[in-house]
Amino acid sequence: MTKQELPKAYDFKSTEPRIYEMWEKGGYFKPHNDPNKPDFDPNVEPFVLAIPPPNVTGELHIGHPMFVSVEDLMVRYHRMKGYSTLWIPGTDHAGIATQLMVERDLLRNEEVTREELGRDEFVKRTWEWKHKYGGLITNQIRRLGASCDWSRERFTLDPGLSLAVREAFVRLYEKGLIYRGPRLINWSPGLKTAVSDLEVEYSEEEATLYYFKYKLKDSDEFIPVATIRPETILGDTAVAVHPDDERYKKYVGMSVIVPMLNREIPVIADEYVSMEFGTGALKITPGHDPNDYAIGQRHNLPVISVLDTAAQINENGGQYKGQDRFDARKNIWADMKKAGLVIKSEPYRTTIPRSQRGGEIVEPMISTQWFVTIEPLAKAALDAVKDGSIQIVPERFEKTYFNWLENIKDWCISRQLWWGHRIPVWYCPDHHMTVAREDPTECATCGSKDIHQDEDVLDTWFSSGLWPFSTLGWPEQTPDYKYFYPTTYMETGYDILFFWVARMIMMGIKFTGQVPFHTVYLHGLVRDEIGRKISKTTGNVIDPLVLIDEFGTDALRFSMLVGSTPGNDTNVGAKKVEANRNFANKLWNAGRFVINAVASLTPTPLPAGEGVRRTSEGDYTLADSWIWAKLQQLVRDVERLFQNFQYGEAGRQMYEFIWSDFADWYLEIAKEQLKNDATSTRTAETLARILDMSLRLLHPLTPFVTEEIWGYLRRTILESPISYLAQDWPDALIVASWPEQREPEGWEESATADFALIQEIVRSIRNLRAEKNVAPSRRIAASIAAGARVGLVKEQSRLLASLAGLNDAELVITESLGDKPIDAAALVVGSAEIYLPLAGMVDLAEEKTRLEKELKEAQSHIERLEKLLSSDFANKAPAALVQKERDKLEGYKDTAQKIKTQLK
RNA sequence: GGCUUCUUAGCUCAGUUGGUUAGAGCAUUCGGUUUACAUCCGAAGGGUCGUGGGUUCGAGUCCCUCAGAAGCCACCA
């Protein structure tokens with residue numbers, strides 16, 4: 001290994017694909033304990049994660065790096081800890097999204113609609129599309145470094161998963177938890193399908209409120225009514241007023257005439273109507289409004305649908321038949337105006353229901369659909385979180401989850417689409433239903449051979465709800481299912497807590513009798529650099545591939561993790577990713593330095609020498625002990641933070657350790673120590689060990705660069721005099737063992753404290769040099785009176801000299817100083833006095849001012865601490881803490897004293 | 001209307017068993033070609049932690065009030 005082989009800047013472009021291929025080919029993504037193999041050990045604990053399956057036709061967007069970063073971290077961490085780790089990948093057929101995409105494509109390229117193609121041909125074309133583009137997203141997931149077991153990849157329309165869907169449907173049907181019937185549902189006229197409540201989004205918009213007259217039969221009197229949708233007048237079957245409303249009480253039981261259609265409908269009384277709002281009278285359209293539907297049920301009102309599936313007026317709309325809903329609205333209003341039925345219209349702000357997918361206005365309509373009776377399932381799902389079987393992180397989402405499940409309504413699961421799992425129900429001419437696990441050939445009731453399958457497909461989320469177990473082979477009791485189920489974590493965005501997570505929990509409990517996972521970790525959404533929601537209309541779409549090309553996958557992943565907390569949105573922009581690219585490069589170069597140091601080692605004995613300390617580990621310098629202590633602390637902190645899902649904070653601490661402690665301080669010191677025969681071997685060894693451990697800690701966050709450096713490090717060590725270090729390391733970092741935390745030992749604390757003093761002295765000398773404009777290259781003389789720490793400072797004199805730019809020969813270290821040097825700048829660091837004889841550069845007046853300022857500062861601390869120590873703090877706070885403050889006070893008193901003498 | 005989150009340096013954000021003088025990146029100022037790294041190094045300036053109260057020896061951190069921003073859920077025509 002020579003230095004020339006490693007480029008100065010980390011070349012992520014060529015490294016990432018090569019490393020990924022090495023991992024995948026090496027079989028590292030597979031669980032090491034496979035239940036399908038003869039040497040399987042059922043006692044090894046598995047760690048299992050099912051990927052939130054991306055849309056099969058989708059392309060990478062900024063949400064993908066988010067979940068991959070978090071999940072791959074979880075997976076790599078547990079793999080390194082020795083769990084038999086499985087991350088199941090796969091894709092979702094994404095009914096509406098995919099069908100729309102293919103439809104658009106067909107229209108653009110072949111100018112045919114799906115209706116023209118016919119169902120079978122269209123489904124065939126969609127499969128072709130899937131085969132052509134389905135690999136795109138999974139390859140992009142690979143680029144993100146995801147260490148999933150691709151040999152277990154699944155697709156929601158796979159035979160196995162389709163079988164699971166059918167089994168689930170049939171079981172629910174058999175238990176009476178699935179029913180079919182006409183209900184008021186949300187209809188998307190553009191997509192021509194029903195959608196569930198969750199798929200409707202409400203936006204506040206400017207609309208018009210129309211006031212008009214509902215004339216009483218055979219009278220000139222009228223009841224004023226207001227509506228936002230005049231076209232629904234055609235479907236009115238009553239006018240409702242509050243039973244106590246003095247204005248309208250007298251009309252209850254009488255009839256009014258529907259404008260334009262001249263139908264006769266009753267005036268009814270219902271408590272639902274608010275007397276204060278609008279005109280106090282409400283038109284009732286049970287066919288096109290959920291509240292009206294409920295009122296209609298109470299009063300046995302007929303239900304009239306006036307819209308067809310394209311939201312055009314149907315035959316119930318008289319002369320308006322065939323008109324689009326919005327045209328009909330205008331026309332009816334114009335006609336009513338002519339007829340003298342109009343009172344007024346005014347602008348009105350209200351919430352409009354729109355389709356989550358198409359964005360068009362959704363119409364409540366009566367339609368025959370399939371539903372899941374959700375309440376019993378919801379109850380069990382509620383209990384699972386309440387009794388702690390499932391933990392949600394962050395915890396606050398439990399409240400949201402409870403709130404949703406406690407108010408849940410039956411789930412409309414049928415969709416009038418072609419791409420998806422077709423409902424496994426067959427009808428004969430006598431309308432008998434046959435619900436079967438296998439395609440029947442005859443009606444189960446009457447034996448008729450003339451049967452046809454339900455045209456509808458299931459909501460995509462129905463199959464997604466089975467994902468954690470359908471991917472493992474359920475309903476078969478496969479070895480995978482038995483060993484890997486239930487899964488360990490479910491990691492996804494909080495935006496699909498209801499859509500997906502809640503449904504997985506409900507269905508998991510229902511079908512497997514177990515919770516599908518023990519922990520739900522919800523990440524936040526990715527926003528742009530200044531915190532705006534990412535959207536095409538805002539034009540702030542971030543293409544992750546562009547960021548990866550420019551800064552590398554590791555940089556992007558690190559950006560997703562650091563600076564964010566569970567459940568909170570994260571801002572990501574090029575600036576942040578660039579900064580983290582710099583970090584990867586920093587790590588790379590620190591790695592180069594260490595590798596080079598190890599490669600340059602020649603076998604030498606380890607003589608004791610100046611600056612060498614004795615510890616239980618052998619002969620190490622203060623700096624060696626210090627960086628080792630820092631690393632031990634980092635290992636403990638990272639472990640604690642990972643256990644608490646605080647990945648961002650863990651990453652930040654690693655960054656700080658690598659950059660500030662390891663690179664800025666230890667590497668600079670190592671340069672000196674490597675020159676010294678007495679310390680060179682131990683230094684190289686320490687460098688190697690610290691780097692190794694750092695790479696292990698960092699690997700779950702930035703897998704590529706750490707794997708690359710580690711490979712070089714390992715090979716270099718094995719060829720060096722310190723080859724014993726890497727003797728039991730595996731072939732690849734991805735399967736290296738996770739650093740074990742050790743109990744803190746006494747030497748750690750003393751090394752940390754001692755080194756902190758050296759750092760402070762160095763910093764204050766550097767500071768003064770900068771202030772006095774002393775050329776960085778100029779080595780200056782110094783006298784240090786170190787008081788009680790004289791032993792330490794003397795021991796570290798060479799270190800001090802090299803770090804602070806002092807001239808070794810002119811560095812005098814004593815316990816105390818008899819005479820204050822003349823013409824010298826003075827510094828006080830704790831109990832140490834430092835004099836820098838900067839002839840000609842020292843302005844006495846300036847010096848005085850500076851020292852006075854420092855004295856004042858020290859005195860304010862003394863004042864603060866004395867106050868603190870004379871308060872209840874001394875009695876009530878932990879003794880160790882009080883002692884710490886006392887020591888500090890003594891330190892400041894000492895400092896103040898020293899400054900005072902200098903000022904004389 | 002119900003629930004939730006956020007408000008910390010010029011900007012974007014960390015700061016989770018309450019405990020030194022509250023941190024980072026970017027930006028700014030000064031100085032540096034110290035052969036790991038200019039994707040860098042050294043130094044500096046910059047914060048009454050939204051407001052008001054409470055608990056506590058001690059609060060950015062826990063509780064309450066108010067103000068502003070955002071989100072989710074449910075919505076009166």
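In what follows, chains are A, B, ... by sequence order, proteins preceding strands, each numbered from 1. Excluded from the calculations below are hydrogen atoms, water molecules and symmetry mates; all remaining heavy atoms, backbone and side chain alike, are included.
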Q | Among B:C72, B:G42, B:G15, the nucleotide that comes nearest once only the side chain of A:R766 is considered | A | B:G42

Q: Pull out every stem in RNA chain B, meaning runs of 3 or more consecutive Watson-Crick or G-U wobble pairs with both distances under 3.5 Å.
A: B:1-7 with B:67-73, B:10-13 with B:23-26, B:28-32 with B:40-44, B:52-54 with B:62-64

Q.
Does A:T351 contact B:C75 through a side-chain donor or acceptor facing the base, at a distance under 3.5 Å?
A. yes

Q | Closest non-hydrogen atom pair, A:S694 against A:F657 | A | OG-CE2, 3.5 Å

Q.
Is there, by distance only and without an angle test, a donor paired with an acceptor across the side chain of A:E668 and the base of B:A36 below 3.5 Å?
A. yes

Q: Remember a base hit wins even if backbone is also touched, and classify A:A579 as base, sugar-phosphate or nothing at under 4.0 Å, heavy atoms.
A: sugar-phosphate

Q. Does B:G25 have OP1 or OP2 sitting under 4.0 Å from an N or O in the side chain of A:N580?
A. no

Q. Hey, is the side chain of A:R396 pairing donor to acceptor with the base of B:U4 inside 3.5 Å?
A. no

Q: Could you please name the option among B:G42, B:C6, B:U39 that lies closest to any side-chain atom of A:D664?
A: B:G42

Q) Are A:Y647 and A:F642 an aromatic pair by the rule of ring centers under 6.0 Å? A) yes

Q: Please state whether the phosphate of B:A77, meaning OP1 or OP2, lies under 4.0 angstrom from any side-chain nitrogen or oxygen of A:K283.
A: no

**Q.** A:K575 or A:N644, whichever maps to the more 5' nucleotide of RNA chain B
**A.** A:N644

Q. Base, backbone or nothing for each nucleotide of nucleotides 53-60 of chain B, written B, S, -, heavy atoms under 4.0 angstrom, 5' to 3'?
A. ----B---

(Q) Any donor-acceptor pair, under 3.5 Å, between the side chain of A:K399 and the base of B:C3, if you only look at N and O atoms? (A) no

Q: Check whether the ring centres of A:Y214 and A:F222 lie less than 6.0 Å apart, and answer yes or no.
A: no

Q. Is any side-chain nitrogen or oxygen of A:K671 closer than 4.0 Å to OP1 or OP2 of B:A36?
A. yes

Q. Should the ring pair A:Y348 and A:F277 be called parallel, tilted or perpendicular, given that the plane angle runs from 0 to 90° and is split at 30 and 60?
A. perpendicular

Q.
Here's a test of your reading of the structure: between A:N767 and A:Y494, which maps to the more 5' nucleotide of RNA chain B?
A. A:N767

